[in-house]
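Remember, it's a predicted structure, so these values are computed and weren't measured experimentally. Every chain is numbered from 1, with letters handed out A, B, ... down the list of sequences.
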Amino acid sequence: MNQHTILIHAQHTLKPFKSLFEGFFPQAQIHYETPKTLFINIPQTEEPENPEDLYHLLLSDLEEKITLINMPLAGSALLSNELFAKSIPALPSGYYDYETFLIEVIKHFPNIQTVIKRNIASILNPTLISNMIALGKYNLNVSNAASALYVHRNTLIYRMDSVKEKTGIDVKQFEGLMIFYLLFR
Amino acid sequence: MGVLSFKGIKKIYDGNVQAVADFNLEVQDKEFIVFVGPSGCGKSTTLRMVAGLEDITEGELVIDGRRVNNVPPKDRNIAMVFQSYALYPHMSVFDNMAFGLKLRKRPKDEIKKRVDDAAQILGLQDLLDRKPKALSGGQRQRVALGRAIVRNAEVFLMDEPLSNLDAKLRVQMRAELIKLHERIKTTTIYVTHDQIEAMTMADRIVVMNDGYIQQVGTPSEVYDYPNNLFVGGFIGTPAMNFIKGRLDNDGHFIINKTKIKLPKAKWDNLKEKGYANKEMVFGIRPEDIHDDNVVKETYPDAVVNFKVDVAELLGSETNITAKFEEQLVIARVDARTDININDNIELVFDMNKSHFFDPETQERVREKDEVIKRNK
(Lines give C-alpha, C1' and ligand atoms only; values in the text may rest on other atoms or scores of the structure.)
Protein backbone atom coordinates (compact mmCIF):
# COMPACT_ATOMS: atom_id res chain seq x y z
CA MET A 1 0.00 0.00 0.00
CA ASN A 2 1.27 3.45 -0.89
CA GLN A 3 1.78 6.15 1.66
CA HIS A 4 -1.62 7.09 3.02
CA THR A 5 -3.41 8.81 5.86
CA ILE A 6 -5.74 7.35 8.41
CA LEU A 7 -8.38 9.54 9.99
CA ILE A 8 -9.77 8.26 13.25
CA HIS A 9 -12.62 9.71 15.21
CA ALA A 10 -13.88 8.34 18.52
CA GLN A 11 -17.06 9.42 20.23
CA HIS A 12 -15.46 9.80 23.65
CA THR A 13 -11.74 9.44 23.92
CA LEU A 14 -8.73 8.96 21.75
CA LYS A 15 -6.26 8.53 24.56
CA PRO A 16 -5.73 4.77 24.27
CA PHE A 17 -5.27 4.97 20.51
CA LYS A 18 -2.03 6.81 20.42
CA SER A 19 0.17 4.13 21.94
CA LEU A 20 -1.29 1.57 19.56
CA PHE A 21 -0.28 3.16 16.33
CA GLU A 22 3.42 2.85 16.89
CA GLY A 23 3.02 -0.90 17.08
CA PHE A 24 0.39 -1.32 14.43
CA PHE A 25 1.99 1.01 11.92
CA PRO A 26 5.71 1.46 12.65
CA GLN A 27 6.95 4.94 11.67
CA ALA A 28 3.43 6.34 11.64
CA GLN A 29 3.20 10.04 12.40
CA ILE A 30 0.33 11.99 13.83
CA HIS A 31 0.10 15.11 11.73
CA TYR A 32 -3.15 16.64 12.95
CA GLU A 33 -5.21 16.13 16.04
CA THR A 34 -8.25 17.44 17.82
CA PRO A 35 -9.56 16.05 21.14
CA LYS A 36 -11.59 13.39 19.32
CA THR A 37 -9.89 13.10 15.95
CA LEU A 38 -6.45 11.96 14.82
CA PHE A 39 -4.88 12.16 11.37
CA ILE A 40 -2.00 9.73 11.02
CA ASN A 41 0.37 9.50 8.10
CA ILE A 42 1.29 5.91 7.34
CA PRO A 43 4.48 5.48 5.31
CA GLN A 44 4.72 2.98 2.49
CA THR A 45 5.62 -0.47 3.80
CA GLU A 46 6.29 -3.84 2.25
CA GLU A 47 3.82 -5.76 4.36
CA PRO A 48 1.18 -3.23 5.30
CA GLU A 49 -1.37 -3.88 7.99
CA ASN A 50 -4.95 -3.50 6.85
CA PRO A 51 -6.56 -0.34 8.32
CA GLU A 52 -9.91 -2.13 8.43
CA ASP A 53 -8.31 -4.70 10.77
CA LEU A 54 -7.26 -1.85 13.03
CA TYR A 55 -10.82 -0.55 12.98
CA HIS A 56 -12.20 -3.91 14.13
CA LEU A 57 -9.54 -4.29 16.79
CA LEU A 58 -10.21 -0.86 18.25
CA LEU A 59 -13.93 -1.48 18.12
CA SER A 60 -13.68 -4.74 20.04
CA ASP A 61 -11.37 -3.25 22.66
CA LEU A 62 -12.77 0.23 23.18
CA GLU A 63 -16.40 -0.57 22.45
CA GLU A 64 -17.45 2.83 21.39
CA LYS A 65 -18.52 4.39 18.15
CA ILE A 66 -15.44 4.82 16.03
CA THR A 67 -15.03 6.12 12.51
CA LEU A 68 -11.92 5.24 10.57
CA ILE A 69 -11.20 6.60 7.09
CA ASN A 70 -8.42 5.30 4.92
CA MET A 71 -7.35 8.17 2.70
CA PRO A 72 -4.64 8.39 0.03
CA LEU A 73 -2.15 11.17 0.58
CA ALA A 74 -3.54 13.21 -2.32
CA GLY A 75 -6.87 13.39 -0.49
CA SER A 76 -5.62 16.29 1.59
CA ALA A 77 -5.78 18.44 -1.55
CA LEU A 78 -9.57 18.31 -1.53
CA LEU A 79 -10.36 19.45 1.99
CA SER A 80 -8.57 21.11 4.84
CA ASN A 81 -7.92 19.09 7.97
CA GLU A 82 -10.41 21.29 9.81
CA LEU A 83 -13.21 20.53 7.38
CA PHE A 84 -12.44 16.81 7.41
CA ALA A 85 -12.48 16.83 11.21
CA LYS A 86 -15.75 18.75 11.22
CA SER A 87 -17.55 16.38 8.87
CA ILE A 88 -16.56 13.03 10.41
CA PRO A 89 -18.61 13.17 13.66
CA ALA A 90 -21.82 13.86 11.76
CA LEU A 91 -21.58 10.68 9.68
CA PRO A 92 -22.70 7.22 10.80
CA SER A 93 -19.77 5.57 12.58
CA GLY A 94 -17.88 2.83 10.75
CA TYR A 95 -15.02 2.07 8.42
CA TYR A 96 -14.92 4.08 5.19
CA ASP A 97 -12.69 3.91 2.21
CA TYR A 98 -11.92 7.35 0.80
CA GLU A 99 -14.44 7.35 -2.05
CA THR A 100 -17.34 6.20 0.13
CA PHE A 101 -16.46 8.80 2.71
CA LEU A 102 -16.48 11.60 0.12
CA ILE A 103 -19.89 10.48 -1.13
CA GLU A 104 -21.23 10.60 2.43
CA VAL A 105 -19.77 14.09 2.93
CA ILE A 106 -21.24 15.31 -0.36
CA LYS A 107 -24.64 13.89 0.69
CA HIS A 108 -24.63 15.41 4.16
CA PHE A 109 -22.90 18.79 3.82
CA PRO A 110 -23.91 21.02 0.90
CA ASN A 111 -21.40 23.69 1.96
CA ILE A 112 -18.49 21.23 2.14
CA GLN A 113 -19.65 19.78 -1.16
CA THR A 114 -19.07 23.22 -2.69
CA VAL A 115 -15.54 23.33 -1.28
CA ILE A 116 -14.68 19.87 -2.65
CA LYS A 117 -16.10 20.81 -6.04
CA ARG A 118 -14.13 24.04 -6.15
CA ASN A 119 -10.90 22.29 -5.14
CA ILE A 120 -11.28 19.49 -7.70
CA ALA A 121 -11.99 22.08 -10.39
CA SER A 122 -8.83 23.95 -9.46
CA ILE A 123 -6.65 20.81 -9.48
CA LEU A 124 -7.97 19.15 -12.63
CA ASN A 125 -8.37 20.77 -16.01
CA PRO A 126 -11.92 20.80 -17.47
CA THR A 127 -11.04 18.14 -20.07
CA LEU A 128 -10.19 15.62 -17.37
CA ILE A 129 -13.47 16.32 -15.58
CA SER A 130 -15.55 16.02 -18.76
CA ASN A 131 -13.69 12.79 -19.63
CA MET A 132 -14.72 11.31 -16.28
CA ILE A 133 -18.35 12.23 -16.90
CA ALA A 134 -18.12 10.52 -20.31
CA LEU A 135 -16.70 7.45 -18.61
CA GLY A 136 -19.75 7.36 -16.36
CA LYS A 137 -22.06 7.79 -19.31
CA TYR A 138 -20.49 4.68 -20.89
CA ASN A 139 -20.87 2.65 -17.67
CA LEU A 140 -17.13 2.63 -16.88
CA ASN A 141 -16.41 0.99 -20.23
CA VAL A 142 -13.06 2.57 -21.10
CA SER A 143 -13.03 1.49 -24.77
CA ASN A 144 -16.50 2.85 -25.50
CA ALA A 145 -15.87 6.10 -23.62
CA ALA A 146 -12.50 6.58 -25.36
CA SER A 147 -13.97 6.12 -28.84
CA ALA A 148 -16.79 8.55 -28.02
CA LEU A 149 -14.17 11.07 -26.90
CA TYR A 150 -11.98 10.43 -30.01
CA VAL A 151 -8.99 9.47 -27.86
CA HIS A 152 -7.01 6.25 -27.59
CA ARG A 153 -8.13 4.05 -24.68
CA ASN A 154 -4.60 4.22 -23.25
CA THR A 155 -4.93 8.00 -23.19
CA LEU A 156 -8.12 7.71 -21.18
CA ILE A 157 -6.51 5.21 -18.80
CA TYR A 158 -3.58 7.61 -18.37
CA ARG A 159 -6.05 10.39 -17.55
CA MET A 160 -7.86 8.22 -15.04
CA ASP A 161 -4.56 7.48 -13.31
CA SER A 162 -3.78 11.15 -13.38
CA VAL A 163 -7.10 11.96 -11.63
CA LYS A 164 -6.23 9.45 -8.93
CA GLU A 165 -2.75 10.85 -8.49
CA LYS A 166 -3.99 14.42 -8.14
CA THR A 167 -7.17 13.95 -6.10
CA GLY A 168 -6.81 10.50 -4.54
CA ILE A 169 -10.13 9.49 -6.10
CA ASP A 170 -10.00 6.11 -7.82
CA VAL A 171 -12.26 6.56 -10.84
CA LYS A 172 -11.81 2.92 -11.81
CA GLN A 173 -14.25 2.21 -8.99
CA PHE A 174 -17.94 2.95 -9.29
CA GLU A 175 -17.91 5.06 -6.11
CA GLY A 176 -15.01 7.15 -7.37
CA LEU A 177 -16.72 7.97 -10.61
CA MET A 178 -19.95 8.66 -8.79
CA ILE A 179 -18.25 11.56 -6.98
CA PHE A 180 -17.66 13.24 -10.36
CA TYR A 181 -21.22 12.51 -11.37
CA LEU A 182 -22.61 14.01 -8.16
CA LEU A 183 -20.45 17.11 -8.39
CA PHE A 184 -20.14 17.93 -12.07
CA ARG A 185 -22.87 16.37 -14.10
CA MET B 1 -27.43 -14.11 32.50
CA GLY B 2 -27.67 -13.11 28.89
CA VAL B 3 -31.31 -12.64 27.99
CA LEU B 4 -32.11 -10.34 25.10
CA SER B 5 -35.44 -8.98 24.08
CA PHE B 6 -35.97 -7.18 20.77
CA LYS B 7 -39.26 -5.28 20.77
CA GLY B 8 -40.33 -3.81 17.46
CA ILE B 9 -36.79 -2.74 16.59
CA LYS B 10 -36.47 -0.61 13.47
CA LYS B 11 -33.49 0.92 11.75
CA ILE B 12 -34.12 3.62 9.21
CA TYR B 13 -31.12 5.40 7.72
CA ASP B 14 -31.44 8.93 6.52
CA GLY B 15 -32.95 9.05 3.09
CA ASN B 16 -35.62 6.67 4.42
CA VAL B 17 -33.65 3.54 3.72
CA GLN B 18 -35.17 0.90 5.96
CA ALA B 19 -32.49 -1.60 6.96
CA VAL B 20 -34.42 -3.41 9.70
CA ALA B 21 -38.20 -3.45 10.02
CA ASP B 22 -40.18 -4.42 13.10
CA PHE B 23 -37.72 -6.92 14.54
CA ASN B 24 -39.21 -8.92 17.42
CA LEU B 25 -37.29 -11.70 19.12
CA GLU B 26 -36.66 -13.15 22.55
CA VAL B 27 -33.22 -14.68 23.01
CA GLN B 28 -32.91 -17.03 25.98
CA ASP B 29 -29.94 -17.25 28.31
CA LYS B 30 -27.13 -19.51 26.93
CA GLU B 31 -28.82 -19.72 23.56
CA PHE B 32 -26.85 -19.80 20.29
CA ILE B 33 -28.86 -17.73 17.83
CA VAL B 34 -27.82 -17.41 14.21
CA PHE B 35 -29.02 -14.56 12.00
CA VAL B 36 -28.86 -15.72 8.41
CA GLY B 37 -29.85 -14.10 5.15
CA PRO B 38 -28.46 -12.70 1.91
CA SER B 39 -26.28 -9.56 1.78
CA GLY B 40 -28.18 -6.43 2.73
CA CYS B 41 -30.94 -8.25 4.63
CA GLY B 42 -30.25 -6.32 7.85
CA LYS B 43 -28.57 -9.03 9.90
CA SER B 44 -25.31 -7.16 10.54
CA THR B 45 -27.20 -3.92 11.19
CA THR B 46 -29.26 -5.72 13.84
CA LEU B 47 -26.08 -7.07 15.43
CA ARG B 48 -24.52 -3.61 15.40
CA MET B 49 -27.62 -2.24 17.14
CA VAL B 50 -27.17 -4.85 19.89
CA ALA B 51 -23.52 -3.80 20.17
CA GLY B 52 -24.55 -0.15 20.39
CA LEU B 53 -22.63 0.79 17.25
CA GLU B 54 -25.83 1.79 15.46
CA ASP B 55 -28.62 3.84 16.96
CA ILE B 56 -32.01 2.20 17.18
CA THR B 57 -34.54 4.28 15.22
CA GLU B 58 -37.61 2.79 16.88
CA GLY B 59 -38.41 0.03 19.34
CA GLU B 60 -36.79 -1.27 22.46
CA LEU B 61 -33.76 -3.45 23.11
CA VAL B 62 -33.65 -5.03 26.54
CA ILE B 63 -30.63 -6.95 27.84
CA ASP B 64 -31.13 -8.73 31.17
CA GLY B 65 -34.16 -6.63 32.01
CA ARG B 66 -32.40 -3.33 31.30
CA ARG B 67 -33.40 -1.11 28.40
CA VAL B 68 -30.15 -0.42 26.59
CA ASN B 69 -31.21 1.75 23.64
CA ASN B 70 -29.13 4.64 24.92
CA VAL B 71 -26.49 2.72 26.87
CA PRO B 72 -23.01 3.14 25.34
CA PRO B 73 -21.45 -0.05 23.92
CA LYS B 74 -18.87 -0.44 26.66
CA ASP B 75 -21.55 -0.55 29.35
CA ARG B 76 -23.61 -3.27 27.68
CA ASN B 77 -21.44 -6.18 28.84
CA ILE B 78 -21.05 -7.66 25.39
CA ALA B 79 -18.03 -8.92 23.47
CA MET B 80 -17.61 -8.73 19.74
CA VAL B 81 -15.80 -10.97 17.26
CA PHE B 82 -15.46 -9.75 13.68
CA GLN B 83 -14.68 -11.46 10.43
CA SER B 84 -11.19 -10.05 10.20
CA TYR B 85 -9.33 -12.05 12.81
CA ALA B 86 -7.05 -9.10 13.30
CA LEU B 87 -4.57 -8.91 16.15
CA TYR B 88 -2.09 -6.26 17.22
CA PRO B 89 1.03 -7.33 15.33
CA HIS B 90 3.47 -5.92 17.88
CA MET B 91 1.90 -7.62 20.89
CA SER B 92 2.28 -11.20 22.07
CA VAL B 93 -0.75 -13.48 22.21
CA PHE B 94 -0.99 -12.81 25.95
CA ASP B 95 -0.95 -9.04 25.47
CA ASN B 96 -3.42 -9.21 22.63
CA MET B 97 -5.85 -11.06 24.87
CA ALA B 98 -5.13 -8.86 27.87
CA PHE B 99 -5.36 -5.52 26.08
CA GLY B 100 -9.09 -4.95 26.52
CA LEU B 101 -8.80 -5.69 30.24
CA LYS B 102 -5.79 -3.40 30.63
CA LEU B 103 -7.80 -0.60 29.04
CA ARG B 104 -10.43 -1.22 31.69
CA LYS B 105 -7.73 -1.02 34.32
CA ARG B 106 -8.33 -4.49 35.79
CA PRO B 107 -5.79 -5.65 38.37
CA LYS B 108 -2.77 -7.49 36.96
CA ASP B 109 -3.38 -10.81 38.69
CA GLU B 110 -7.00 -10.84 37.56
CA ILE B 111 -5.90 -10.20 33.96
CA LYS B 112 -3.39 -13.04 34.14
CA LYS B 113 -5.96 -15.44 35.54
CA ARG B 114 -8.57 -14.57 32.93
CA VAL B 115 -6.11 -14.84 30.04
CA ASP B 116 -4.76 -18.16 31.34
CA ASP B 117 -8.30 -19.52 31.71
CA ALA B 118 -9.23 -18.44 28.18
CA ALA B 119 -5.97 -19.82 26.80
CA GLN B 120 -6.73 -23.16 28.40
CA ILE B 121 -10.24 -23.27 26.97
CA LEU B 122 -8.85 -22.53 23.50
CA GLY B 123 -5.71 -24.63 23.75
CA LEU B 124 -3.42 -21.62 23.44
CA GLN B 125 -1.32 -22.17 26.60
CA ASP B 126 1.89 -22.84 24.68
CA LEU B 127 1.46 -19.91 22.33
CA LEU B 128 1.05 -17.05 24.81
CA ASP B 129 4.51 -15.60 24.16
CA ARG B 130 4.30 -15.73 20.39
CA LYS B 131 3.63 -12.81 18.11
CA PRO B 132 0.68 -13.07 15.69
CA LYS B 133 3.01 -13.49 12.71
CA ALA B 134 4.18 -16.81 14.13
CA LEU B 135 0.63 -18.19 14.29
CA SER B 136 -1.42 -20.09 11.73
CA GLY B 137 -4.77 -18.77 10.53
CA GLY B 138 -6.68 -21.07 12.86
CA GLN B 139 -4.55 -20.12 15.84
CA ARG B 140 -5.08 -16.42 15.12
CA GLN B 141 -8.81 -16.97 14.95
CA ARG B 142 -8.66 -18.68 18.34
CA VAL B 143 -6.73 -15.74 19.81
CA ALA B 144 -9.38 -13.39 18.39
CA LEU B 145 -11.99 -15.50 20.18
CA GLY B 146 -9.84 -15.46 23.30
CA ARG B 147 -9.90 -11.65 23.27
CA ALA B 148 -13.68 -11.90 23.56
CA ILE B 149 -13.72 -14.71 26.13
CA VAL B 150 -11.47 -12.93 28.65
CA ARG B 151 -14.07 -10.23 28.98
CA ASN B 152 -16.54 -12.57 30.74
CA ALA B 153 -19.30 -10.86 28.80
CA GLU B 154 -22.94 -11.86 29.06
CA VAL B 155 -23.42 -11.87 25.31
CA PHE B 156 -21.10 -12.71 22.42
CA LEU B 157 -21.74 -11.00 19.12
CA MET B 158 -20.06 -12.63 16.14
CA ASP B 159 -20.17 -11.04 12.72
CA GLU B 160 -19.25 -13.68 10.12
CA PRO B 161 -16.17 -14.72 12.12
CA LEU B 162 -15.31 -17.62 9.82
CA SER B 163 -15.76 -16.05 6.42
CA ASN B 164 -12.09 -15.14 6.00
CA LEU B 165 -10.89 -18.70 6.57
CA ASP B 166 -10.30 -21.28 3.87
CA ALA B 167 -12.90 -24.02 3.45
CA LYS B 168 -11.09 -26.69 5.46
CA LEU B 169 -10.23 -24.42 8.38
CA ARG B 170 -13.77 -23.07 8.41
CA VAL B 171 -15.19 -26.54 8.99
CA GLN B 172 -12.67 -27.11 11.77
CA MET B 173 -13.36 -23.76 13.46
CA ARG B 174 -17.09 -24.32 13.15
CA ALA B 175 -16.72 -27.46 15.23
CA GLU B 176 -14.49 -25.62 17.69
CA LEU B 177 -17.04 -22.83 18.11
CA ILE B 178 -19.77 -25.37 18.81
CA LYS B 179 -17.58 -27.07 21.44
CA LEU B 180 -16.64 -23.68 22.89
CA HIS B 181 -20.27 -22.73 23.31
CA GLU B 182 -20.94 -26.06 24.98
CA ARG B 183 -18.20 -25.26 27.49
CA ILE B 184 -18.74 -21.62 28.32
CA LYS B 185 -22.48 -21.38 27.58
CA THR B 186 -22.48 -17.67 26.85
CA THR B 187 -25.50 -16.35 24.98
CA THR B 188 -24.28 -15.89 21.41
CA ILE B 189 -25.67 -14.01 18.44
CA TYR B 190 -23.91 -15.13 15.31
CA VAL B 191 -24.35 -13.48 11.92
CA THR B 192 -23.63 -15.36 8.72
CA HIS B 193 -24.79 -15.62 5.14
CA ASP B 194 -23.67 -19.25 5.08
CA GLN B 195 -26.69 -21.42 5.69
CA ILE B 196 -24.52 -24.47 6.47
CA GLU B 197 -23.01 -22.56 9.40
CA ALA B 198 -26.52 -21.61 10.47
CA MET B 199 -27.82 -25.17 10.28
CA THR B 200 -24.87 -26.77 12.08
CA MET B 201 -24.32 -24.26 14.87
CA ALA B 202 -27.63 -22.73 15.86
CA ASP B 203 -30.01 -23.56 18.64
CA ARG B 204 -32.39 -21.36 16.71
CA ILE B 205 -32.05 -19.72 13.32
CA VAL B 206 -33.45 -16.31 12.42
CA VAL B 207 -33.87 -16.11 8.65
CA MET B 208 -33.96 -12.51 7.42
CA ASN B 209 -34.65 -10.85 4.09
CA ASP B 210 -35.12 -7.19 3.16
CA GLY B 211 -35.00 -6.17 6.82
CA TYR B 212 -37.82 -8.48 7.85
CA ILE B 213 -37.66 -11.68 9.87
CA GLN B 214 -38.91 -14.46 7.59
CA GLN B 215 -38.81 -17.24 10.14
CA VAL B 216 -37.45 -18.08 13.57
CA GLY B 217 -37.01 -21.72 14.45
CA THR B 218 -34.70 -24.62 15.17
CA PRO B 219 -32.62 -25.75 12.19
CA SER B 220 -34.93 -28.69 11.53
CA GLU B 221 -38.07 -26.54 11.77
CA VAL B 222 -36.69 -24.07 9.29
CA TYR B 223 -35.55 -26.83 6.96
CA ASP B 224 -38.61 -29.07 7.14
CA TYR B 225 -41.31 -26.45 7.56
CA PRO B 226 -40.24 -23.27 5.75
CA ASN B 227 -42.69 -20.42 6.31
CA ASN B 228 -42.51 -19.16 2.76
CA LEU B 229 -40.87 -19.43 -0.64
CA PHE B 230 -37.89 -17.35 0.46
CA VAL B 231 -36.98 -19.60 3.40
CA GLY B 232 -37.54 -22.75 1.33
CA GLY B 233 -35.26 -21.43 -1.37
CA PHE B 234 -32.62 -20.01 0.94
CA ILE B 235 -32.09 -22.88 3.36
CA GLY B 236 -30.76 -26.07 1.80
CA THR B 237 -28.14 -26.86 -0.84
CA PRO B 238 -29.19 -27.42 -3.54
CA ALA B 239 -32.24 -25.28 -2.85
CA MET B 240 -35.78 -26.55 -2.68
CA ASN B 241 -37.34 -27.06 -6.12
CA PHE B 242 -40.31 -24.85 -6.90
CA ILE B 243 -42.66 -25.98 -9.64
CA LYS B 244 -45.49 -23.79 -10.84
CA GLY B 245 -48.79 -25.42 -11.65
CA ARG B 246 -52.46 -25.62 -10.79
CA LEU B 247 -54.57 -27.73 -8.49
CA ASP B 248 -57.64 -29.31 -10.08
CA ASN B 249 -60.87 -30.13 -8.34
CA ASP B 250 -60.03 -33.75 -7.90
CA GLY B 251 -56.81 -33.95 -5.87
CA HIS B 252 -54.24 -33.49 -8.62
CA PHE B 253 -51.51 -30.96 -9.21
CA ILE B 254 -51.30 -30.18 -12.90
CA ILE B 255 -48.16 -28.94 -14.64
CA ASN B 256 -49.03 -28.50 -18.34
CA LYS B 257 -49.81 -32.08 -19.37
CA THR B 258 -48.43 -33.79 -16.29
CA LYS B 259 -50.81 -34.78 -13.52
CA ILE B 260 -49.55 -35.66 -10.05
CA LYS B 261 -51.85 -37.15 -7.47
CA LEU B 262 -51.75 -35.69 -3.97
CA PRO B 263 -51.97 -37.82 -0.84
CA LYS B 264 -55.48 -37.64 0.59
CA ALA B 265 -54.59 -35.72 3.74
CA LYS B 266 -52.72 -33.06 1.78
CA TRP B 267 -55.53 -32.67 -0.71
CA ASP B 268 -58.22 -32.48 1.98
CA ASN B 269 -56.28 -29.76 3.72
CA LEU B 270 -55.72 -27.73 0.54
CA LYS B 271 -59.35 -28.14 -0.51
CA GLU B 272 -60.61 -27.08 2.90
CA LYS B 273 -58.47 -23.94 2.68
CA GLY B 274 -59.99 -23.04 -0.68
CA TYR B 275 -57.08 -23.86 -2.97
CA ALA B 276 -58.98 -26.17 -5.36
CA ASN B 277 -58.70 -24.96 -8.96
CA LYS B 278 -56.07 -22.41 -7.97
CA GLU B 279 -52.56 -21.69 -9.22
CA MET B 280 -50.01 -23.00 -6.72
CA VAL B 281 -46.27 -23.45 -6.27
CA PHE B 282 -45.23 -26.98 -5.45
CA GLY B 283 -42.04 -27.25 -3.38
CA ILE B 284 -39.93 -30.33 -2.95
CA ARG B 285 -36.39 -30.85 -1.67
CA PRO B 286 -33.87 -32.52 -4.01
CA GLU B 287 -33.47 -35.46 -1.62
CA ASP B 288 -37.23 -36.09 -1.73
CA ILE B 289 -37.13 -36.86 -5.44
CA HIS B 290 -36.18 -40.50 -5.93
CA ASP B 291 -35.23 -42.86 -8.70
CA ASP B 292 -35.61 -46.18 -6.90
CA ASN B 293 -38.42 -48.55 -7.66
CA VAL B 294 -39.68 -48.95 -4.09
CA VAL B 295 -40.71 -45.28 -3.93
CA LYS B 296 -42.10 -45.43 -7.46
CA GLU B 297 -44.36 -48.28 -6.35
CA THR B 298 -45.43 -46.32 -3.25
CA TYR B 299 -46.39 -43.22 -5.24
CA PRO B 300 -47.26 -44.55 -8.73
CA ASP B 301 -49.23 -41.37 -9.46
CA ALA B 302 -46.24 -39.09 -8.76
CA VAL B 303 -43.81 -40.66 -11.23
CA VAL B 304 -42.69 -38.18 -13.84
CA ASN B 305 -40.56 -38.46 -16.99
CA PHE B 306 -37.53 -36.20 -17.05
CA LYS B 307 -34.80 -35.40 -19.52
CA VAL B 308 -31.41 -35.08 -17.85
CA ASP B 309 -29.77 -31.69 -18.33
CA VAL B 310 -26.74 -32.10 -16.06
CA ALA B 311 -25.57 -34.94 -13.83
CA GLU B 312 -23.04 -34.00 -11.14
CA LEU B 313 -21.37 -36.86 -9.34
CA LEU B 314 -20.43 -35.75 -5.83
CA GLY B 315 -18.94 -39.04 -4.67
CA SER B 316 -21.58 -40.31 -2.30
CA GLU B 317 -24.48 -39.02 -4.37
CA THR B 318 -25.36 -37.56 -7.73
CA ASN B 319 -27.20 -34.27 -8.26
CA ILE B 320 -29.30 -34.50 -11.38
CA THR B 321 -30.63 -31.35 -12.99
CA ALA B 322 -33.47 -32.53 -15.16
CA LYS B 323 -36.24 -30.96 -17.18
CA PHE B 324 -39.91 -31.70 -17.41
CA GLU B 325 -42.66 -29.51 -18.78
CA GLU B 326 -40.09 -26.75 -19.40
CA GLN B 327 -39.19 -26.56 -15.69
CA LEU B 328 -35.83 -27.47 -14.24
CA VAL B 329 -35.71 -29.67 -11.18
CA ILE B 330 -32.74 -30.84 -9.13
CA ALA B 331 -32.83 -34.33 -7.64
CA ARG B 332 -30.27 -35.92 -5.35
CA VAL B 333 -29.98 -39.63 -6.09
CA ASP B 334 -27.66 -42.51 -5.30
CA ALA B 335 -24.22 -42.14 -6.86
CA ARG B 336 -24.39 -45.72 -8.14
CA THR B 337 -27.18 -44.82 -10.54
CA ASP B 338 -25.72 -44.61 -14.02
CA ILE B 339 -27.10 -41.40 -15.52
CA ASN B 340 -25.89 -39.47 -18.52
CA ILE B 341 -26.80 -36.13 -20.06
CA ASN B 342 -29.87 -36.25 -22.32
CA ASP B 343 -31.04 -39.58 -20.84
CA ASN B 344 -34.77 -39.91 -20.36
CA ILE B 345 -35.43 -41.04 -16.81
CA GLU B 346 -38.33 -41.62 -14.47
CA LEU B 347 -38.22 -39.90 -11.09
CA VAL B 348 -40.79 -39.92 -8.36
CA PHE B 349 -41.77 -37.19 -5.90
CA ASP B 350 -42.14 -38.24 -2.27
CA MET B 351 -45.48 -36.49 -1.99
CA ASN B 352 -45.64 -36.72 1.79
CA LYS B 353 -42.57 -34.48 1.97
CA SER B 354 -43.91 -31.97 -0.53
CA HIS B 355 -45.04 -28.43 0.26
CA PHE B 356 -47.55 -26.12 -1.37
CA PHE B 357 -47.10 -22.36 -1.46
CA ASP B 358 -49.65 -19.70 -2.27
CA PRO B 359 -48.11 -17.78 -5.19
CA GLU B 360 -49.81 -14.54 -4.13
CA THR B 361 -48.76 -14.41 -0.50
CA GLN B 362 -45.69 -16.65 -1.05
CA GLU B 363 -46.63 -18.35 2.24
CA ARG B 364 -46.59 -22.12 2.69
CA VAL B 365 -49.99 -23.73 3.23
CA ARG B 366 -49.77 -25.24 6.68
CA GLU B 367 -50.76 -28.86 7.24
CA LYS B 368 -53.66 -29.60 9.51
CA ASP B 369 -51.77 -31.81 11.91
CA GLU B 370 -48.46 -30.11 11.49
CA VAL B 371 -46.44 -31.22 14.47
CA ILE B 372 -43.10 -29.52 14.51
CA LYS B 373 -40.52 -31.74 16.05
CA ARG B 374 -38.02 -29.70 17.94
CA ASN B 375 -34.55 -31.02 17.48
CA LYS B 376 -33.22 -29.68 20.72
Side-chain angles (χ1 to χ4, degrees), chain A residues 1 6 9-28 36 42 45-68 70 87 89-97 100 103-110 178 182, chain B residues 11 13-15 17 19 44-45 48-49 51-55 57 71-92 95-105 131-133 140 143-151 153 156-161 164:
Chain A
M1 197 179 282
I6 285 179
H9 173 85
Q11 203 180 17
H12 294 104
T13 175
L14 270 172
K15 239 185 180 175
F17 287 132
K18 287 190 178 175
S19 64
L20 285 175
F21 294 121
E22 290 154 10
F24 206 87
F25 298 109
Q27 295 143 20
K36 290 180 182 176
I42 314 289
T45 49
E46 276 176 21
E47 282 183 66
E49 295 294 337
N50 183 354
E52 196 168 358
D53 285 351
L54 176 65
Y55 168 73
H56 283 133
L57 270 170
L58 294 174
L59 207 57
S60 55
D61 280 327
L62 296 172
E63 294 186 309
E64 69 163 306
K65 288 181 185 170
I66 297 169
T67 298
L68 193 147
N70 185 23
S87 57
L91 301 179
S93 66
Y95 174 81
Y96 293 87
D97 61 31
T100 318
I103 290 172
E104 288 294 326
V105 171
I106 289 167
K107 262 169 44 186
H108 284 84
F109 303 99
M178 196 164 122
L182 290 171
Chain B
K11 176 70 193 179
Y13 286 107
D14 52 12
V17 181
S44 282
T45 306
R48 287 173 66 84
M49 285 194 281
L53 302 172
E54 297 274 1
D55 293 328
T57 314
V71 174
K74 63 181 164 50
D75 299 329
R76 291 188 183 195
N77 206 8
I78 45 161
M80 293 177 264
V81 180
F82 296 99
Q83 67 172 242
S84 66
Y85 42 100
L87 303 170
Y88 298 109
H90 59 301
M91 291 183 194
S92 66
D95 289 336
N96 261 291
M97 285 163 73
F99 187 71
L101 298 174
K102 281 182 187 163
L103 278 183
R104 280 166 188 74
K105 301 196 167 37
K131 292 274 170 65
K133 268 199 181 137
R140 283 187 201 198
V143 179
L145 282 173
R147 284 164 43 77
I149 293 173
V150 294
R151 304 269 304 284
F156 279 167
L157 306 177
M158 302 193 182
D159 193 355
E160 310 213 13
N164 273 355

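In this structure, chain B has no heavy atom under 4.5 Å from any part of I66(A). With a 4.5 Å cut-off on non-hydrogen atoms, L87(B) touches chain A through its backbone but not through its side chain.
For the atom pair CG (D61(A)) and NZ (K74(B)), the distance works out to 14.0 Å, reported to the nearest 0.5 Å. Put simply, CG on L58(A) and OH on Y88(B) are 5.0 Å apart, with the number rounded to the nearest 0.5 Å.
Smallest separation of non-hydrogen atoms from L53(B) and E64(A): CD2-O, 3.9 Å. Counting all heavy atoms, side chain and backbone alike, K65(A) lies closest to D55(B) at NZ-OD1, 2.5 Å. Nearest heavy atoms, L57(A) versus R147(B): CD2-NH2, 3.2 Å.
Counting heavy atoms from C-beta on, the side chains of S60(A) and R151(B) never come closer than 4.5 Å.
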